[in-house]
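Working notes, beginning with the structure itself.
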Amino acid sequence: MSLLSVSDLSILLKSGEGQPIVDRISFALEPGQRLGLIGESGSGKSLTTLAVTGLLPPGLRATGSVLLDGTQVIGARDRTLDRVRGHAAAVVFQEPSTALDPLMRLGKQIAEPLRRHRGLRGAALRSAVAAALDEVALPTRVAGAYPHEVSGGQRQRAAIAMALACRPKLLIADEPTTALDVTVQAEVLALLDRLAAAHDMALLFVSHDLAVIGKVTDEVLVLSQGRAVRTGPLAEVLSNPGDDYTRSLVASARRLDAALDLTPEVSDDSRGA
Ligand SMILES: Nc1ncnc2c1ncn2[C@@H]1O[C@H](COP(=O)(O)OP(=O)(O)OP(=O)(O)O)[C@@H](O)[C@H]1O
Ligand SMILES: [Mg+2]
């Protein structure tokens, strides 16, 4: 059974007005598998990830089927979703502040999911927090800092540590490096790549940038105006873009690569399938 199976997912306004925002998309992820979701701004990438975890904003509704680790997410009650979130899937957002409380020290925030979901207390909890910080390459002293006292890259590392606390089977990362400067972006991408491999986590990675997607995934789904216009191995999409929209994405990724002197690692088969 797939870890995540999305079939004919549509996202519509509850009022019933207008066209579907996301229109009958389907994809599946096996344990440990990675998929890049790419498309222009407004194409429905973020709403798709929110529908997968049952977190759509109040004015929107989803139809179709989202089976996450054996649980039907569409139409599920909050109590059911609470069980699934964290354990089956966890999310890292573009802006790390989304996941962080500005008034709580980072160590306490990382401790919270460890306490709640893994039942750790006292010395065991303290050492788990230290291990969680170490895993995302943050120094132990960061535990005593408030979010505004560390850099943007360190905040995102702390948010990643929180997302990983319950050892999710699927990590959803929605433009996790877009708010960071370029050198820090590369470090955070390498970190996600390493952590996903180390924990055999599946990865649903959202970006509007094919060059960034190429650093962490081998398979892509291209969204345009809420529709899946292309899906397949990244290497195939790059060499044979097909539709006009995918072609323009590939062309802009190439221009960016030339500018940054980077080559997408499209033939690297050492990453999880
Ligand atoms: N709460 C909402 N109510 C109504 N429409 C919404 C809501 N949230 C988003 N939308 C619309 O749905 C469409 C898809 O939004 P979404 O946030 O999924 O895009 P995206 O692909 O993630 O874009 P970006 O790359 O800018 O993050 C957009 O046209 C947006 O205006
Ligand atoms: Mg988005």
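For reference, positions follow the sequence shown, starting with 1. Worth saying up front: this structure is predicted, and the values here are computed from it rather than measured. Start at 1 and go down the list; that is how both ligands and their atoms are numbered.
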Quiz prompt | Environment of the Mg ion (ligand 2) in terms of protein N/O/S atoms, cut-off under 2.8 Å | solution = Ser46 OG
Self-check item: side chain to side chain donor-acceptor pair (under 3.5 Å) involving Glu95 - partner list, sequence neighbours excluded
Solution: Ser97
Quiz item: Relative to the heavy atoms of Glu40, which atoms of ligand 1 are at a distance of less than 4.0 Å?
Solution: 21 (O)
Quiz item: Which ligand 1 atoms, with their elements, are less than 4.0 angstrom from a heavy-atom of Pro57?
Solution: 1 (N)
Practice problem: Considering the heavy atoms of Glu175, write down every atom of ligand 1 situated less than 4.0 Å from one of them. | Solution: 25 (O)
Quiz item: Residues two or more places apart in sequence or in another chain: which of them pass side chain to side chain donor-acceptor pair (under 3.5 Å) with Gln225?
Solution: none
Self-check item: Atom indices of ligand 1, in the order listed, that fall short of 4.0 Å to a heavy atom of Leu13
Solution: 4 (C)
Self-check item: Ligand-side contact atoms (ligand 1) for residue partner Ile21, heavy atom cut-off under 4.0 Å
Solution: 5 (N), 12 (O), 13 (C), 14 (C)
Quiz item: Distance-only, no hydrogens or angles: does the Gln109 side chain make a donor-acceptor pair with backbone N or O of Met104 under 3.5 Å?
Solution: yes
Self-check item: Pair Ser10-Asp8, side-chain donor/acceptor within less than 3.5 Å
Solution: no
Self-check item: Top protein contact for atom 7 (C) of ligand 1, by heavy-atom distance
Solution: Leu60 CD1, 3.8 Å
Practice problem: Could you list all the side-chain hydrogen bond (donor to acceptor under 3.5 Å, both in side chains) pairs where at least one residue sits in residues 70-85, not counting sequence neighbours? | Solution: Ser65-Gln72
Practice problem: Run the numbers for me: atoms of ligand 1, each under 4.0 Å from some heavy atom of Ser43, listed by number. | Solution: 19 (O), 21 (O)
